[in-house]
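Structure first, commentary second.
In what follows, chains carry the letters A, B, and so on, assigned in the order in which the sequence lines appear, proteins first and then strands, with residues in each chain numbered from 1.
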Amino acid sequence: MSALLSVENLSKTFTIRSGLVGPLRTLDALSDVSLSVAPGETLAIVGESGCGKTTLGRCIVKAMPVTAGKVTYRPPDHAPVEITALDNRAMKPWRRDIRMIFQDPMSSLNPNMRVFDIVAEPLRVHKVARGRELENRVADVLSRVGISPDAMGRYPHAFSGGQRQRIGIARALVLEPKLVIADEAVSALDVSIQAQVLNLLEDLKSEFGLTYIFVSHDLGVVNYIADRVVVMYLGHVVENAPTESLFERPRHPYTEVLLEALPIADPTRRNRREKAVRGEIPYLGNRPTGCPFHTRCRHAQDRCRSEKPALRKVGQAEVACHFAESLELKGAYEPASVTPSTRTLA
Amino acid sequence: MTPQTPMVDKPLLKIEDVEIAFSSPDEADIVAVRQVDLTLTAGKTLCLVGESGCGKSVTARAVLRLLDQNASISRGRILFTPPGEETVDIGALKSDSLSMRAIRGNKISMIFQEPMSSLSPVHTIGDQIDEMIMLHEDLKPKEARERTVSLLDQVGIPGPRERADTYPFQLSGGLRQRAMIAMALACTPNLLIADEPTTALDVTTQAQILDLLKKLQDDYGMAMLFITHDLGVVAEIADEVAVMYLGDVVEQGDVFEVFRAPRHPYTQALMRSIPTMARKADRQRLSPIKGTVPSAKDRPQGCAFTSRCPHAFEPCPTVRPERTQVGEGHVARCHLLTQDTTRAEELA
Ligand SMILES: Nc1ncnc2c1ncn2[C@@H]1O[C@H](COP(=O)(O)OP(=O)(O)OP(=O)(O)O)[C@@H](O)[C@H]1O
Ligand SMILES: Nc1ncnc2c1ncn2[C@@H]1O[C@H](COP(=O)(O)OP(=O)(O)OP(=O)(O)O)[C@@H](O)[C@H]1O
Ligand code: SF4
Ligand SMILES: [Mg+2]
Ligand SMILES: [Mg+2]
């Protein structure tokens with residue numbers, strides 16, 4: 001099946017000043033990123049803080065221009081649209097289909113608007129509903145994310161962090177989009193409300209065939225919700241694989257490190273991290289030569305320091321590591337009998 | 001030899017029956033926190049968990065008297081006993097009083113979820129930490145800077161002397177959070193309150209920060225009140241856990257006990273909602289708690305969890321359950337634990 005959305009060779013470079021008056025320098029937030037998401041698929045994007053996940057999402061929804069590369073959207077009953085080539089006006093109808101849930105709810109919700117208006121705004125902008133119908137739709141979507149419609153008259157500051165995050169989710173879902181880019185959409189939620197929101201996302205997927213690009217650093221959630229996972233490091237895609245194969249047998253050393261750092265909700269298994277995560281993430285402004293991960297990789301050899309590995313097919317995955325075929329890396333699943341899921345409570 | 005009276009170890013922090021209300025011009029008062037009891041032992045980590053909006057951040061801010069203007073502590077005491085000192089009731093102090101300022105940032109300090117909101121964007125991190133040190137201690141700028149550099153080094157910031165001259169926006173999320181921790185530790189506090197300090201960080205950075213906090217805790221012997229909704233993080237670092245629901249603390253106990261045998265129906269339900277690391281074939285639909293959290297004004301008079309509890313019975317909607325000892329240092333508030341011995345088995 002052809003992809004609903006594809007991203008080809010996308011790069012994004014920021015120009016920044018170091019210090020308040022220092023010289024200008026460039027920072028490559030995304031380097032030659034390619035990926036695609038099939039209709040009805042949930043694609044997760046994981047990776048270190050600062051590796052470019054949000055930038056990728058913002059480029060897809062055209063919240064910022066790309067430096068190079070293209071993004072193509074294929075609506076079900078319309079010819080393919082090259083989003084990156086559209087101007088703002090031509091983009092407007094597609095903004096209804098492609099919505100982003102922004103990572104930081106505090107800065108993405110207008111502090112001077114009441115919650116009702118925040119959620120109603122997209123319906124008004126796209127002239128989808130008004131009057132009674134508008135009120136009902138807003139109240140309905142808010143209660144589906146677990147915010148009592150009684151609170152619709154309040155301003156964002158009078159909500160807790162997690163409540164604000166859900167207001168952002170409601171705002172993205174109210175238009176019944178086709179593709180939702182959820183940027184850390186459940187990260188500030190406690191597990192029960194998180195479960196409720198994840199179930200809601202799954203239900204919308206089966207009801208309306210929604211497609212998700214799901215950015216998250218919570219690998220437990222990713223394992224639960226995603227069909228496929230893209231792992232990013234310093235603006236590069238280093239691994240792209242079906243969820244189960246990635247968690248069973250990661251192919252990139254960075255993926256292994258991520259899986260190992262995952263905290264497990266069982267105090268009797270604490271201190272299981274044998275090999276401490278080494279080093280700091282290099283500053284993007286001085287990206288290492290060769291493999292971007294070599295400064296922290298336990299398997300790095302001379303070749304890694306000079307030659308950049310290309311993304312290539314290994315088993316079910318696409319991997320960018322010189323030794324992907326030969327490395328035996330550790331996954332996250334436990335042998336069947338001791339998974340925490342079999343722990344029964346009360 | 002001076003005769004030594006046996007010291008009864010007072011907990012470092014004891015929050016007793018605290019209620020916090022918000023007033024608002026166009027709504028009735030909101031009782032965001034109704035009944036919080038918490039005990040924190042010196043040198044230990046207490047994790048505070050609970051559903052989004054249940055009052056964790058508000059409780060934490062109350063301990064530092066950093067609540068919004070329209071909030072008031074309408075009942076209860078916040079007893080703080082620094083080692084070797086008299087007990088003070090923080091709840092009774094004025095938030096801008098001299099005694100409160102001597103505690104805040106000095107004996108008790110706090111790190112927030114989003115370091116950007118508590119670091120000033122226009123000052124270097126070094127200047128901000130120097131200032132914090134000089135506010136509480138009589139040091140010259142040069143001496144303060146030396147301390148700052150060694151703090152930055154301790155929290156694992158490479159090149160601390162140069163990094164002290166950078167602005168927050170020039171640091172990655174992980175380094176920024178480390179700088180925040182260095183600032184919070186500037187005056188070697190007895191208690192560090194950490195409100196979701198790793199929620200914005202990826203797992204590898206999170207693991208590094210947790211290891212760092214554990215190490216610093218050993219070095220300084222400080223206690224931590226650690227707010228998180230990530231039960232994986234709790235399992236990793238807590239000595240004790242307290243569970244909040246809709247403004248009430250419903251359970252507190254040793255972390256191993258609470259995970260092994262949670263006794264409050266809300267805690268049990270919470271544990272069941274964790275997505276597990278299972279293969280697709282073994283994966284089950286998550287079972288969130290039925291229904292939605294009522295707003296504070298619709299909170300049942302009795303147990304706050306009544307409207308969603310699968311075990312609720314006669315007394316629950318109207319009578320507030322007592323704090324009941326359910327194990328060594330493990331308490332919970334649920335009628336099933338006291339009222340009806342036959343039904344108590346449901347929670348065993
Ligand atoms: N507007 C901007 N100007 C300059 N640099 C930027 C801008 N936006 C992002 N960056 C930089 O680009 C890089 C990627 O940022 P991005 O927000 O996409 O990361 P992320 O993967 O979403 O991280 P996190 O997990 O912390 O949200 C970072 O180094 C960031 O500092
Ligand atoms: N200024 C305010 N005015 C009115 N209500 C408020 C105000 N600040 C907070 N609240 C309410 O107090 C309750 C507790 O908020 P708090 O921030 O403590 O939640 P929390 O437990 O930290 O949640 P989260 O996990 O989502 O951060 C929330 O229901 C919130 O709506
Ligand atoms: S290419 Fe080399 S440095 Fe990069 S991940 Fe593979 S082994 Fe490690
Ligand atoms: Mg981001
Ligand atoms: Mg909070």
Side-chain angles (χ1 to χ4, degrees), chain A residues 18-20 47-50 104 106 143 146 148 150-151 153 158-163 187-196 198-199 217 219-221 223-224 243-244 247-248 257-258 261-270 273 276-277 280-281 283 332-334 336 339-341 345-346, chain B residues 22 24 26 49-53 57 113-114 158 167 170 172-175 196 199-208 211 229-236 238 255-256 259 262 268-280 282-289 292-295 347-348:
Chain A
S18 43
L20 282 181
E48 311 258 7
S49 144
D104 177 1
M106 204 45 195
S143 55
S148 154
D150 301 351
F159 289 88
S160 76
Q163 289 165 336
S187 62
L189 304 181
D190 68 279
V191 284
S192 180
I193 287 168
Q194 177 177 293
Q196 200 179 315
L198 292 175
N199 284 345
H217 58 249
L219 295 161
V221 169
N223 176 58
Y224 175 77
T243 307
E244 202 159 56
F247 280 83
E248 189 85 62
V257 164
L258 276 183
L262 172 71
I264 293 181
D266 180 355
T268 62
R269 297 178 64 204
R270 63 169 64 161
R273 288 196 304 272
V277 198
E280 270 296 322
I281 312 161
Y283 180 56
Y333 296 137
E334 291 295 318
T339 38
S341 64
L345 289 160
Chain B
F22 287 93
S24 129
D26 46 25
V49 302
E51 109 283 346
S52 156
S57 300
Q113 171 173 352
E114 182 31 80
Y167 294 88
Q170 294 171 303
S172 74
L175 287 178
E196 313 229 15
T199 304
L201 303 174
D202 63 278
V203 281
T204 59
T205 314
Q206 167 171 286
Q208 289 176 327
D211 288 347
H229 61 267
D230 185 335
L231 292 167
V233 171
V234 175
E236 192 104 333
V255 64
F256 292 92
F259 273 77
Q268 298 182 341
L270 203 59
M271 299 276 176
R272 272 193 292 264
S273 344
I274 308 172
T276 54
M277 220 2 112
R279 293 170 181 82
K280 245 200 180 83
D282 311 327
R283 217 179 297 167
Q284 284 161 4
R285 186 173 163 90
L286 297 172
S287 44
I289 304 165
T292 53
V293 192
S295 66
L347 295 185

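- The CG atom of A/L262 sits 8.5 Å away from the CG atom of B/D230 when rounded to the nearest 0.5 Å.
- When heavy atoms are compared at a cutoff of 4.5 Å, A/F247 approaches chain B solely by way of its side chain, counted from C-beta outward.
- Only the side chain of A/L198 comes within contact range of chain B, with at least one heavy atom under 4.5 Å from a heavy atom of that chain.
- Chosen from A/D150, A/V191, A/L258, A/N199, the residue pairing most often with chain B at heavy-atom distances under 4.5 Å is A/N199.
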For this session: Evaluate side chain to side chain donor-acceptor pair (under 3.5 Å) for A/E48 paired with B/T204, printing each intermediate quantity in order.
Result: CA-CA 7 Å; A/E48 311 258 7; B/T204 59; 3.0 Å; yes
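- In this structure, chain B has no heavy atom under 4.5 Å from any part of A/A151.
- Counting heavy-atom pairs closer than 4.5 Å to chain A, the top residue among B/V234, B/V49, B/I289 is B/I289.
- In terms of heavy-atom pairs under 4.5 angstrom with chain B, the leader among A/S192, A/A195, A/P267, A/G47 is A/P267.
- No other option in A/T243, A/N223, A/T268, A/V221 has as many heavy-atom pairs under 4.5 Å with chain B as A/N223.
- Heavy-atom minimum distance, B/V203 versus A/P263: CG1-CD, 4.2 Å.
- Heavy-atom distances place both the backbone and the side chain of A/Q163 under 4.5 Å from chain B.
- In this structure, no portion of B/S57 lies under 4.5 Å from any heavy atom of chain A.
- Summarising the geometry, atom CD belonging to A/Q194 is positioned 11.0 Å from atom OG belonging to B/S52; distances are rounded to the nearest 0.5 Å.
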